[in-house]
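Step one of this worksheet: look at the structure below.
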Amino acid sequence: MVLMMAASSLLVIPFTTLLPVFAKDIFNGNATTFGWFESAAGFGAFFGAIYMATLKVAQNLQKIVMMSGILLAISVVALAISPSLILALICTGLAALGLMAQTSSINTYLQTHADDVMRGRTLSYYIMAYQGVLPIGSLLMGYLAHLFGTQLVVAFEGVAGLLIVAAFVYNENRRNQLKNKFSLFGN
C-alpha cells in the first residue's frame, strides 16, 4: 500500500497542481473560477472524510482503497475531457472524494496492521510516499503539461491511476494465492 501511495503521489494526485490552468486557460475564468475548483475539491474531500469516519471497524479497507482509487482515476480522466465548467467542478469534487478515501484508508490500514514497535516507521514511510513524492510529481506533471498540454497530461494521470489500481489488485491476488498455497503445506 505504501508503494501504491507513492505511485499515486507521483502520477495521479498532482492533477490538483493543474487546477489553476483549468480555471484560467481551459474555462477562460479568473480567480473566482479557481475558487470554485478549490471549493469543489474541498466539498468532495469533506464527504470523503465523513464516509471514512462512519466506517465500521471491520470494514474491508483494501476494497475501499481499490474502489476509491478507481473513483479518483475515472474522475481525473473525466475532468480532463470535461466540455463544461459544471461537469469539471463535479469531476473535481468526485476526484477529491476518491483521493480522501484512498489516502485515509491506506493510512488506517497501515496503522491498524503494523506491529506496535514498527508503527512509527511504517507511518514515516507512508508520509514519505505521500508528502515526499507529491512535490516531485507536481513538478513532473507541470513540466509535461507545458510540453504536451494540460488536458492530455491530466488524462494520462487518470489512466495511470487505473493502472496503479490494477497493479495493486494483481499484487493482492498474487499474495493471497501464495498465502493459500503455503497454508496448504503448513497443515
Side-chain angles (χ1 to χ4, degrees), residues 4-55 59 61-108 130-131 133-169:
M4 181 182 192
M5 189 75 254
S8 290
S9 291
L10 183 67
L11 300 173
V12 185
I13 300 172
F15 84 93
T16 58
T17 305
L18 299 171
L19 288 178
V21 179
F22 274 89
K24 182 176 182 267
D25 297 337
I26 295 171
F27 293 108
N28 300 315
N30 53 22
T32 302
T33 311
F34 177 61
W36 292 341
F37 274 102
E38 288 294 304
S39 296
F43 201 61
F46 175 73
F47 281 107
I50 288 175
Y51 170 73
M52 291 303 297
T54 60
L55 289 178
Q59 291 286 347
L61 290 173
Q62 292 169 318
K63 184 177 179 184
I64 294 169
V65 168
M66 290 182 274
M67 298 309 291
S68 59
I70 291 170
L71 175 63
L72 171 61
I74 290 173
S75 298
V76 169
V77 170
L79 170 64
I81 60 174
S82 292
S84 72
L85 178 60
I86 298 296
L87 187 58
L89 293 173
I90 292 169
C91 292
T92 301
L94 290 173
L97 189 152
L99 174 60
M100 175 60 76
Q102 182 186 48
T103 57
S104 297
S105 56
I106 290 173
N107 187 353
T108 302
Y130 184 25
Q131 298 294 327
V133 175
L134 186 57
I136 298 166
S138 295
L139 180 66
L140 177 64
M141 292 305 146
Y143 179 70
L144 291 175
H146 176 71
L147 292 178
F148 301 109
T150 302
Q151 289 174 295
L152 182 64
V153 169
V154 171
F156 163 78
E157 289 181 76
V159 171
L162 290 172
L163 293 174
I164 291 166
V165 172
F168 177 76
V169 170

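- Here the side chains of Leu55 and Thr108 are not in contact, with every heavy-atom distance at 4.5 Å or above.
- Residues Ile106 and Met4 approach most closely at CD1-SD, 4.5 Å, considering heavy atoms.
- Here the straight-line distance linking atom OG1 of Thr33 with atom CD of Glu38 works out to 12.5 Å at 0.5 Å rounding.
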Report the C-alpha separation of Val12 and Leu72 in whole Å, then their side-chain angles, then the decisive distance to 0.1 Å, and conclude whether the side-chain contact (heavy atoms from CB on, under 4.5 Å) test is met. CA-CA 8 Å; Val12 185; Leu72 171 61; 3.8 Å; yes
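- Across all non-hydrogen atoms, the minimal contact from Phe27 to Ser84 is CE2-C, 3.4 Å.
- More than 12 heavy atoms of other residues, nucleotides or ligands shown are found within 6.0 angstrom of CZ on Phe34.
- Here the straight-line distance linking atom CG of Leu71 with atom CD1 of Ile64 works out to 12.5 Å at 0.5 Å rounding.
- Ile26 has its side chain within reach of Gln151: a pair of non-hydrogen atoms, C-beta onward, lies under 4.5 Å apart.
- Remark: side-chain polar atoms of Thr103 are paired, donor with acceptor, to backbone N or O of Met100 under 3.5 angstrom.
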side-chain contact (heavy atoms from CB on, under 4.5 Å) for Leu85 and Trp36? Distances and angles first, verdict last. CA-CA 10 Å; Leu85 178 60; Trp36 292 341; 3.6 Å; yes
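- Here the options are Thr150, Leu10, Val153, the test is side-chain contact (heavy atoms from CB on, under 4.5 Å), and the partner is Met141; only Val153 passes.
- Atoms CZ and CG, on Phe156 and Leu163 in that order, are 8.5 Å from each other to the nearest 0.5 Å.
- Taking all atoms of both residues into account, the shortest heavy-atom contact from Thr92 to Leu79 is OG1-CD1, 3.6 Å.
- Residues Met5 and Ile13 come closest through the heavy atom pair CE-CD1, 3.7 Å.
- If you take CG on Leu152 and CD on Glu157, they are separated by 10.5 Å, rounding to the nearest 0.5 Å.
- Annotation: the span from Leu139 atom CG to Tyr143 atom OH amounts to 10.0 Å, rounded to 0.5 Å.
- Shown here for Gly161 and Ala73, the closest heavy-atom pair between the two residues is C-CB, 3.7 Å.
- You'll find the ring centres of Tyr51 and Phe47 outside the 6.0 Å limit.
- Heavy atoms only, all atoms of each residue included: Val76 and Val154 are closest at CG1-O, 3.3 Å.
- Note that the CD1 atom of Ile86 and the SG atom of Cys91 stand 11.5 Å from one another [nearest 0.5 Å].
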